[in-house]
Structure formats: structure tokens, C-alpha cells
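Remarks on the structure that follows.
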Amino acid sequence: MSAESRLKELGIELPAAPKPLANYVPAVQAGNLLFMSGCGPRHDDGSMTVGKLGAAMSVEQGYDAARLVGLNMLANLRATLGSLDRVERVVKVLGMVNCAPDFGEQPKVINGFSDLMVEVFGAERGRGARSAVGMGALPNGIAVEVEMIVQVADPDRP
């Protein structure tokens, strides 16, 4: 099943693609690899999920923030490629969690992002290599940031 069809089946409507907050572009393609800039948990009203895991936020709240990052990343992918169906597979995910020094459940938080990619692209295409790391701080106090590399199909290929 195509990723676009799967979104409809899941009842997921993607937000507008977030605009960069600084001097960078959302994506750069090199050959058949698309390098996606870091994306945060932006809500439709422009606000962000902020907080520190292991202090003011629970793992469940972090998971939800990471899923929101995934929705924004999918919106950026669609805006860049024209269709999520051009994504051949998720190659690499780097998930960064704003957390207290003794917090060690970063993988559970970033599962919010990864689980969404598997829901949309399927297990074969949606699950790639991954790192989930803790950070002492993230821009503007956001709870989670994720960057991703995807393999894309040639637009002229049937």
C-alpha cells in the first residue's frame, strides 16, 4: 500500500510543512538520499512542546512529542518530494531528547517517531538505523528533535 493511501486509511492529516527557524533548508538531496534537517514538535498554532524528560515530562509525554515531530517531518517530506510515495525507505534516524542527566529512556521517547514511520511506510520501508540520545538542552527548550535520512525513488520511474 502506498504511504499516501496509508495516511488516509489511518485518518492522519498532515500539518502544513514547518518553515525553518534559522539559516538552513528543510532538506537536501544528494543522489537518491534525502537528508532532512532537524525538526521539532510544532503544533498547528505554531507553539512547540517544550520541557525536559525526566524532570517536567513523562516518557509518555515525550513519546507524544516525538510522534508530533514525525507528523511535521512527514509534512516536510511531502513538501520536498511532492508525495510520500517517493520515499523508498527510512535509512537513518537521529532522535535527540531534551532530558535530565540521569534520564535513560531516550529510545522509548523516540519510538513515538519511529512507530509513526512504520505505521505510514510499513515495517520494511519505515524502520531504519537509529540513534536516540539525550541532550542537556535543545533549541527554544523543545522536548524532542529528530533528523532523518531517507532513500528516494527517481521521479521518472514508474
Side-chain angles (χ1 to χ4, degrees), residues 3-4 7 12-101 103-117 119-121 126-153 155:
E4 294 288 347
L7 276 180
I12 296 174
E13 286 195 36
L14 296 181
K19 303 278 187 250
L21 298 176
N23 189 15
Y24 64 92
V25 294
V28 171
Q29 188 167 348
N32 69 341
L33 294 178
L34 185 66
F35 295 80
M36 301 299 297
S37 292
C39 196
R42 184 186 63 86
H43 298 273
D44 289 337
D45 66 2
S47 67
M48 303 287 262
T49 300
V50 297
K52 195 170 277 288
L53 277 289
M57 292 184 75
S58 69
V59 171
E60 294 77 19
Q61 290 171 311
Y63 180 99
D64 291 343
R67 184 176 177 88
L68 181 56
V69 171
L71 294 171
N72 285 292
M73 186 70 79
L74 291 172
N76 276 343
L77 274 168
R78 181 190 275 162
T80 300
L81 297 172
S83 171
L84 295 177
D85 293 337
R86 288 199 51 216
V87 174
E88 293 250 330
R89 76 163 297 134
V90 171
V91 175
K92 174 74 168 128
V93 169
L94 170 60
M96 297 161 275
V97 179
N98 184 358
C99 61
F103 183 78
E105 303 207 59
Q106 294 87 353
K108 289 182 181 175
V109 170
I110 300 304
N111 278 346
F113 181 93
S114 296
D115 290 351
L116 178 62
M117 295 304 117
E119 286 175 40
V120 172
F121 296 112
R127 189 177 305 139
R130 186 182 91 172
S131 298
V133 297
M135 301 289 181
L138 288 173
N140 301 311
I142 60 175
V144 179
E145 182 175 355
V146 178
E147 62 180 47
M148 179 168 67
I149 303 167
V150 297
Q151 179 183 356
V152 297

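The model shown is predicted, which means the values in this text are computed figures rather than measured ones. Index from 1, following the sequence.
Scanning all heavy atoms of the two residues, the minimum distance from P18 to R42 falls at CB-NE, 3.3 Å. Of all non-hydrogen atoms in M117 and G126, the two that sit nearest each other are CB-O, 3.5 Å. Among all heavy-atom pairs drawn from E88 and A153, the shortest one is OE2-CB, 3.2 Å. For the pair L14 and L71, the tightest heavy-atom approach, listed with the atom from each and the gap, is CD2-O, 3.8 Å. The nearest pair of heavy atoms linking T49 to A65 is CG2-CB, 3.9 Å.
Between R67 atom CZ and I12 atom CD1 the span is 5.0 Å, to the nearest 0.5 Å. Separating the CZ atom in F103 from the CG atom in N98 is a distance of 10.5 Å, to the nearest 0.5 Å. Here N76 contributes atom CG and K19 contributes atom NZ; the two are 9.0 Å apart, rounded to the nearest 0.5 Å. Atom CG in L94 sits 9.0 Å away from atom CD1 in I149 (nearest 0.5 Å). A distance of 9.0 Å separates OG in S114 from CZ in R127, rounded to the nearest 0.5 Å. To the nearest 0.5 angstrom, F113 atom CZ is 4.5 Å from M73 atom CE.
The side-chain heavy atoms of I110 and Y63, taken from C-beta on, include no pair separated by under 4.5 Å. L84 is not listed as a side-chain neighbour of L81, based on a closest heavy-atom distance of 4.5 Å or more. Counting heavy atoms from C-beta on, the side chains of V150 and R89 never come closer than 4.5 Å. Looking at M57 and C99, their side chains never come closer than 4.5 Å, going by heavy atoms from C-beta outward. Between D85 and V87, the closest side-chain pair of non-hydrogen atoms is not below 4.5 Å.
Within 6.0 Å of the CG atom in N23, the count of heavy atoms belonging to other residues, nucleotides or ligands does not exceed 12.
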Verdict with supporting geometry, L116 and V69, side-chain contact (heavy atoms from CB on, under 4.5 Å): CA-CA 10 Å; L116 178 62; V69 171; over 6 Å; no
query: Passes side-chain contact (heavy atoms from CB on, under 4.5 Å), S131 versus K92? Steps please.
result: CA-CA 8 Å; S131 298; K92 174 74 168 128; 2.8 Å; yes
Residues 26-41, side-chain donor-acceptor partners within the protein, below 3.5 Å, at least two apart:
from	atom 1	to	atom 2	distance (Å)
Q29	NE2	G31	O	2.9
S37	OG	V25	O	2.5

Let me check something: any side-chain donor-acceptor pairs from residues 137-148 under 3.5 Å, sequence neighbours excluded? List them with distances.
none

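E60 has no carboxylate O lying under 4.0 Å from a charged side-chain N of K108, or vice versa, which leaves the two without a salt bridge.
Every salt bridge (charged side-chain N to carboxylate O under 4.0 Å, His left out) that R78 has, sequence neighbours left out, goes to E4.
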